[in-house]
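Everything below concerns the one structure shown next.
Atoms within each ligand, like the ligands themselves, are counted from 1 in listed order.
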Amino acid sequence: MAFNKTFLLHSRPSAEAPAGPHNFRLVEEPIPEPAEGEILVRHRWLSLDPYMRGRMNDAKSYAQPQKLGAPMIGGTVGEVVASKLEGFSPGDLVLGMGGWRLYSLASRATVRKLDPRALPEEAWLGPAGMPGVTAWVGLNTIVKPKAGETVVVTAATGAVGTVAGQLAKRMGARVVGVAGGSEKCRYATETLGFDACVDHRAGDFAQQFKAATPDGVDGVFENVGGLPLELSLARANPFGRIAICGLVASGYDGTPAAVTNFAAVLAMRLLVKGFIVGDDMSLWPKAYADLVPLIASGELKWARSMAQGLEAAPEAFFDMLKGKNFGKQLVKLV
Ligand SMILES: NC(=O)c1ccc[n+]([C@@H]2O[C@H](COP(=O)([O-])OP(=O)(O)OC[C@H]3O[C@@H](n4cnc5c(N)ncnc54)[C@H](OP(=O)(O)O)[C@@H]3O)[C@@H](O)[C@H]2O)c1
């Protein structure tokens, strides 16, 4: 008999026991039956995203913490295997928030039917999904690059950064990426078409950053926080715009994303704005309308790191937070 497998959040990270795979517990249960108005989805892909680390903490944030003992949340692409919902049939491909498990029940409000011919199915969790829309929203509503301006994108080769940098290039900006390692930086310049990329692991990162931004910095798509943000503030031009998308390096383990030169915000009259991609859902169709054709035509490049099997999810998740991923981190479930 086939069973459903689910990762639950078992415990919260603490100062004594930092976050790790021990915080999750794998359980097996019977595969549920759909009730009237529901579908049963067999997940094919699970998305691993940095926001999940924040949900593990019991801390004030833009969303409620994940409940202990509840299935880990997560975006999924899957196939309908049983349906009691009009308009959905076995074989349909759907996008949802099925979580870290093999099967989930869904209703009309919680899934979106996908066109399997439009894009590779896992792209709906990456450049054509939440990360891609995040890049689009931060750039179009906050950074708003103008031709010739310099825009810095941190975590430049990750799921969000890849799209943010390429969109900024298409708007005519000079794009400077910040990424971990020479291989990622080479990918940013040679494949993604960024004008420069600085390795934040290099001993002379600060000098390299200055050399890569000879005309200062007009826009920042910030995914990391800490030192890269501090360097952008130090190089900021008057009336620069800084979109605070994520603080993966410094904020997620409970340490503040400190910068020592916040005074630059006043001196350079900067706009610094945090945003969450779900703040304005009316923007999503516009983002999809721009992104999907660019991905389908291959004009917008993207990469993926793929773990195999649900059991691999915890390790892949923490590896991503250490920068071991190359592009969108996914788990292939079938
Ligand atoms: N505001 C929103 O609505 C929203 C939505 C989605 C994502 N986000 C945020 O966007 C950011 C990127 O997310 P993503 O899904 O695209 O993840 P990602 O960039 O694919 O993966 C995380 C990357 O963060 C970088 N990183 C990790 N630790 C670091 C450190 N100590 N110093 C510098 N860089 C470090 C690593 O890249 P390197 O190897 O290059 O260092 C790693 O590959 C995250 O902060 C995430 O929380 C925000």
| query | Evaluating non-hydrogen atoms only, which member of Gly323, Pro50, Gly138, Ser47 is closest to atom 15 (O) of ligand 1? | reply | Pro50

| note | Trp100 meets the ring-ring contact (aromatic ring centres under 6.0 Å, His included) criterion, sequence neighbours left out, with Phe24, Phe317

| note | Near Leu247 (heavy-atom distance under 4.0 Å), the atoms of ligand 1 are 45 (O)

| Counting only N and O atoms by type, is there a donor-acceptor contact under 3.5 Å from the side chain of Asn140 to the main-chain atoms of Val137? | no

| query | Which is it for Ile276 and ligand 1 at heavy atoms under 4.0 Å: side chain, backbone, both or neither? | reply | both

| Does Cys245, backbone or side chain, put an N or O under 3.5 Å from an N or O of ligand 1? | yes

| Numbered atoms and elements of ligand 1 in range of Gly246, under 4.0 angstrom, heavy atoms | 9 (C), 45 (O)

| Ion pair Arg174/Glu149, N-O distance below 4.0 Å | no

| message | Less than 4.0 angstrom from a charged side-chain N to a carboxylate O is my criterion; do Lys210 and Asp204 meet it? | response | no

| N/O to N/O below 3.5 Å, does that happen between Asn325 and ligand 1? | yes

| Under 3.5 Å: N/O of Phe275 near N/O of ligand 1 | yes

| message | Which option wins on minimum heavy-atom distance to atom 38 (P) of ligand 1: Gly161, Gly126, Gly180? | response | Gly180

| message | Quick check for you: to the nearest 0.5 Å, what is the distance between Leu102 atom CG and Thr76 atom OG1? | response | 11.0 Å

| Where on Lys328 is there a heavy atom closer than 4.0 Å to ligand 1, on the side chain, on the backbone, on both, or on neither? | neither

| Val160 to ligand 1: N or O pair under 3.5 Å? | yes

| task | With heavy atoms of Asn223 as the reference, note each atom of ligand 1 found under 4.0 Å away. | result | 10 (O), 11 (C), 12 (C), 44 (C), 45 (O)

| request: Report, in ascending order of atom number, the atoms of ligand 1 lying under 4.0 Å from any heavy atom of Ala155. | output: 19 (O), 24 (O)

| task | For atom NZ of Lys332, decide whether the heavy atoms of other residues, nucleotides or ligands shown that lie under 6.0 angstrom number more than 12. | result | yes

| message | Tell me whether Arg186 is salt-bridged to Glu183, with the criterion being a basic N under 4.0 Å from an acidic carboxylate O. | response | no

| remark: Besides Val80, the hydrophobic cluster formed by Ile, Leu, Val, Met, Phe, Trp and Tyr side chains linked at under 4.5 Å, directly or via other members, contains Ile39, Val41, Leu85, Phe88, Val94, Val111

| query | Do any heavy atoms of Lys324 fall under 4.0 Å from ligand 1? | reply | no

| field | Nitrogen or oxygen of Val178 less than 3.5 angstrom from that of ligand 1 | value | no

| Which atoms from ligand 1 have a heavy atom of Leu321 less than 4.0 Å away? | 27 (C), 28 (N)

| message | With a 4.0 Å cut-off on N to O distance, would you call Lys184 and Asp199 a salt bridge? | response | no

| message | Is it the case that atom CD in Glu33 sees more than 12 heavy atoms from other parts of the structure closer than 6.0 Å? | response | no

| message | Regarding Glu222 and Thr154, do their side chains bring together a donor and an acceptor under 3.5 Å, going by distance alone? | response | yes

| task | Measure the shortest side-chain to side-chain distance between Lys301 and Pro127 over non-hydrogen atoms and say whether it is less than 4.5 angstrom. | result | no

| remark: Under 4.0 Å from one or more heavy atoms of Ala179, ligand 1 contributes atoms 40 (O)

| note | For Arg201, the atoms of ligand 1 under 4.0 Å from one of its heavy atoms are 39 (O)

| note | So the atoms of ligand 1 within less than 4.0 Å of a heavy atom of Val277 turn out to be 2 (C), 3 (O)

| Got an N/O contact under 3.5 Å between His200 and ligand 1? | yes

| message | Would Lys184 count as being in polar contact with ligand 1, using the rule that some N or O on each side must be under 3.5 angstrom apart? | response | yes

